[in-house]
Amino acid sequence: MPSVSLHWFINDLRLADNPALCRAAMADRLICLYVIDPRWFRPGRQQLPSMGEKRRTFLLQSLADLDRRLRALGQQLLVLEGHPESLIPELVRRYRVNRLTVNEVCTVNEYRTLASIDNACHALVVDTFAGNQLLSSRYRGHREFPLGFSQFRKQVEPLECRPIMAAPPSLPATPLPRTQPVSLASPGSGAFAGGETFAQVQLGKVFDGMLPRRYKSNRDALDQWDGSTKLSPWLALGCISPVQVWWRLLHWQDTHGFCESSYWVGFELLWREFFHHLAREQGTTLFRFGGMRNKRPLTSFYPSRFKAWCEGSTPEPLVNAIMKQLRCSGFISNRARQIAASYLVNELAVDWRYGAAWFEYQLIDYDAAVNWGNWQYIAGVGVDPRGGRRFNMDIQRARFDPDGEYVARWSGRVGIAGERPVEAIAHDYVGWP
Ligand SMILES: Cc1cc2nc3c(=O)[nH]c(=O)nc-3n(C[C@H](O)[C@H](O)[C@H](O)COP(=O)(O)OP(=O)(O)OC[C@H]3O[C@@H](n4cnc5c(N)ncnc54)[C@H](O)[C@@H]3O)c2cc1C
């Protein structure tokens with residue numbers, strides 16, 4: 001009997017450096033699947049949907065790109081809408097699939113879904129691979145997971161990152177009938193375009209130039225396109241792997257010489273890595289009010305304060321500008337995220353989970369482990385040894401927007417045609433593609 005594999009693309013929408021896909025490619029027949037779950041668009045955590053319009057567009061672009069690449073290898077992407085825990089067992093039965101391959105997931109809902117598929121299909125081999133992190137979850141053997149970033153960093157920095165895996169040169173045929181190419185509901189616009197192709201373009205822009213040399217001093221800028229790598233949306237969906245970024249960074253350092261600033265790019269990738277491993281340790285406590293430490297923050301849900309924060313109509317102009325930029329572009333810098341999060345939790349005394357859920361809904365680079373982990377950190381219920389972060393707004397304004405340019409731009413007061421709504425400004429100011 002021919003072997004049939006099903007590769008379920010989750011957060012690994014790429015062909016290159018995809019260990020699970022390489023394993024799937026060893027079968028006689030292969031189904032390449034992506035599942036769009038309708039629950040993402042319905043009210044969920046904190047009564048907000050998980051996926052907003054901007055991320056949906058980015059996702060659809062990424063799927064179309066992946067499908068194009070698969071077709072070039074004689075394959076196709078099957079995109080289904082529904083619940084993976086029902087759809088996948090159905091496909092397994094119908095096409096006599098004997099192996100399911102996935103790249104490791106790290107949040108509780110994802111591995112519960114995987115466990116439920118495993119339980120429903122007795123003869124199915126479920127193979128997971130460390131494709132979305134620098135290190136496999138098995139890197140530390142039986143050692144305890146360090147609950148602080150510094151300990152984690154010291155533990156993993158001496159380890160060697162695995163080599164990049166080439167994309168499979170060819171793929172087995174699909175047992176399914178030929179389908180139409182995946183097309184976009186909306187082509188999208190703006191700085192970010194989804195897909196492995198554009199991820200590679202952005203990777204080239206970052207590491208063919210001198211961005212790493214200036215990274216440490218620029219990464220906190222509120223609104224500077226080349227202040228940081230801007231790779232997060234592609235990393236979040238796996239259009240590019242952290243291993244690919246890591247090796248490009250090492251290559252840059254070999255070519256241009258190691259400097260402290262370039263070290264910080266790797267340092268931030270290790271934060272991502274840390275939150276991914278931590279999320280796996282945390283399970284449901286990642287989304288719990290008391291967080292990892294089961295604390296009782298002195299915050300609550302105040303609908304009018306939360307609404308003002310989301311809309312950008314609080315008493316703090318800097319926060320308002322940040323929240324408007326988020327709504328318009330789906331992306332804000334790391335510093336902007338910290339300022340907005342600190343303001344919600346510390347000044348408005350709103351339950352941090354509402355802020356995390358709003359970011360989940362709005363960000364195009366939403367990554368469950370990183371988003372909820374960072375929110376816990378700022379709210380003082382996560383891994384921060386200092387027990388939370390409170391940002392002084394006067395200091396933040398003086399340091400990061402001394403001339404009030406950022407606030408003016410995102411209040412709709414600066415634009416090519418004078419006074420205009422902020423939505424119109426999102427894509428036409430200097431510095432962003
Ligand atoms: C409250 C809050 C929520 C956040 N939510 C998300 C999220 O949903 N998705 C997401 O990818 N990042 C999130 N971050 C982390 C960070 O803000 C973004 O990764 C970063 O701004 C993306 O821009 P960049 O790709 O230019 O990052 P760079 O500065 O160029 O960093 C390179 C990569 O390192 C990783 N990284 C950078 N900063 C952090 C960080 N603080 N924690 C963990 N990893 C980091 C990212 O993968 C990033 O792409 C959040 C931060 C905060 C404070």
Side-chain angles (χ1 to χ4, degrees), residues 43-50 52 147-149 220 222 271 275 278-279 282 284-328 330-363 366-401 404 406-407 410-411 422:
R45 273 191 281 273
Q46 276 57 52
Q47 288 77 54
L48 284 164
S50 170
L147 290 180
F149 173 70
D220 268 335
L222 288 178
W271 264 109
F275 280 127
L278 181 66
Q282 277 196 264
T284 51
T285 68
L286 183 63
F287 307 104
R288 181 170 72 175
F289 179 55
M292 200 177 87
R293 302 186 186 280
N294 205 11
K295 287 188 170 175
R296 296 277 107 197
L298 294 173
T299 56
S300 185
F301 180 54
Y302 301 102
S304 58
R305 294 184 200 177
F306 179 58
K307 185 165 178 281
W309 182 79
C310 295
E311 288 174 353
S313 58
T314 72
E316 174 49 58
L318 181 58
V319 171
N320 297 343
I322 290 169
M323 298 309 289
K324 286 176 182 169
Q325 183 185 16
L326 174 62
R327 215 180 61 223
C328 291
F331 186 92
I332 47 176
S333 71
N334 185 61
R335 173 62 53 163
R337 294 176 206 213
Q338 290 173 326
I339 293 171
S342 168
Y343 189 80
L344 183 78
V345 172
N346 296 308
E347 315 307 328
L348 300 179
V350 171
D351 176 344
W352 67 274
R353 293 171 304 169
Y354 286 86
W358 182 253
F359 271 25
E360 174 171 345
Y361 180 44
Q362 294 289 317
L363 284 171
Y366 171 67
D367 173 316
V370 178
N371 184 57
W372 289 78
N374 266 293
W375 270 94
Q376 284 203 351
Y377 190 88
I378 286 174
V381 298
V383 289
D384 187 359
R386 276 162 46 184
R389 299 283 152 143
R390 184 171 197 158
F391 288 73
N392 178 306
M393 293 298 140
D394 293 334
I395 295 177
Q396 298 303 309
R397 249 184 282 111
R399 273 187 69 191
F400 298 106
D401 193 30
Y406 175 78
V407 166
W410 290 104
S411 312
V422 282

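Note that these values count all heavy atoms, side chains included, but never hydrogens, waters or copies made by symmetry. Treat the numbers as computed from the prediction; the structure is a model and nothing was measured.
Aromatic ring orientation, Tyr361 versus Trp358: perpendicular (interplanar angle above 60°, classes split at 30° and 60°).
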List the steps, then state whether side-chain contact (heavy atoms from CB on, under 4.5 Å) holds for Leu348 with Tyr343. CA-CA 6 Å; Leu348 300 179; Tyr343 189 80; 3.7 Å; yes
Assess the residue pair Phe359 and Leu326 against the criterion (side-chain contact (heavy atoms from CB on, under 4.5 Å)); give the C-alpha distance rounded to whole Å, side-chain angles, the decisive distance to 0.1 Å, and a yes or no. CA-CA 8 Å; Phe359 271 25; Leu326 174 62; 3.8 Å; yes
Could you walk me through whether Gln362 and Ile332 pass the side-chain contact (heavy atoms from CB on, under 4.5 Å) check? CA-CA 10 Å; Gln362 294 289 317; Ile332 47 176; over 6 Å; no
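Residues meeting the side chain to side chain donor-acceptor pair (under 3.5 Å) test with Gln282, sequence neighbours left out: Thr285, Gln376. Partners of Ser313 according to the side chain to side chain donor-acceptor pair (under 3.5 Å) rule, which considers only residues two or more places apart in sequence or in another chain, are Glu311. Checked against side chain to side chain contact (heavy atoms under 4.5 Å, CB included), Ala356 has the following partners two or more places apart in sequence or in another chain: Trp352, Asn371, Trp372, Trp375. In this view, Asp401 satisfies the salt bridge (Lys or Arg N to Asp or Glu O under 4.0 Å) rule with no residue, not counting sequence neighbours. Under the rule for a side chain to side chain donor-acceptor pair (under 3.5 Å), the partners of Asp394 that lie at least two apart in sequence or sit in another chain are Arg397. Under the rule for a ring-ring contact (aromatic ring centres under 6.0 Å, His included), the partners of Phe275 that lie at least two apart in sequence or sit in another chain are Trp271. Legend: residues meeting side chain to side chain contact (heavy atoms under 4.5 Å, CB included) with Leu298, ordered by chain and number and at least two apart, are absent. With sequence neighbours excluded, no residue forms a salt bridge (Lys or Arg N to Asp or Glu O under 4.0 Å) with Arg288. Taking the side chain to side chain contact (heavy atoms under 4.5 Å, CB included) definition, one finds that Thr284 meets it with Val108, Arg112, sequence neighbours left out. Listed by chain and residue number, nothing satisfies the salt bridge (Lys or Arg N to Asp or Glu O under 4.0 Å) test with Arg293 (two or more places apart in sequence, or in another chain). Applying the side chain to side chain donor-acceptor pair (under 3.5 Å) test to Thr299 and every residue at least two apart in sequence or in another chain returns nothing.
Remark: the backbone N or O of Arg389 is paired with a side-chain donor or acceptor of Asn346 at under 3.5 angstrom. A donor-acceptor contact shorter than 3.5 Å links the side chain of Ser411 to the backbone of Val407. Between the side chain of Lys295 and the backbone N or O of Gly380 there is at least one donor-acceptor pair closer than 3.5 Å.
Side-chain contact check for Tyr366 and Glu360: at least one donor-acceptor pair (N or O, by modelled atom type) lies under 3.5 Å.
For Arg353 and Phe287, the positive end is not near the middle of the six-membered ring at less than 6.0 Å and at most 45° from its axis.
Here salt bridge (Lys or Arg N to Asp or Glu O under 4.0 Å) pairs that include residues 332-349, with residues two or more places apart or in two chains, are Asp220-Arg335, Arg337-Asp365, Glu347-Arg390.
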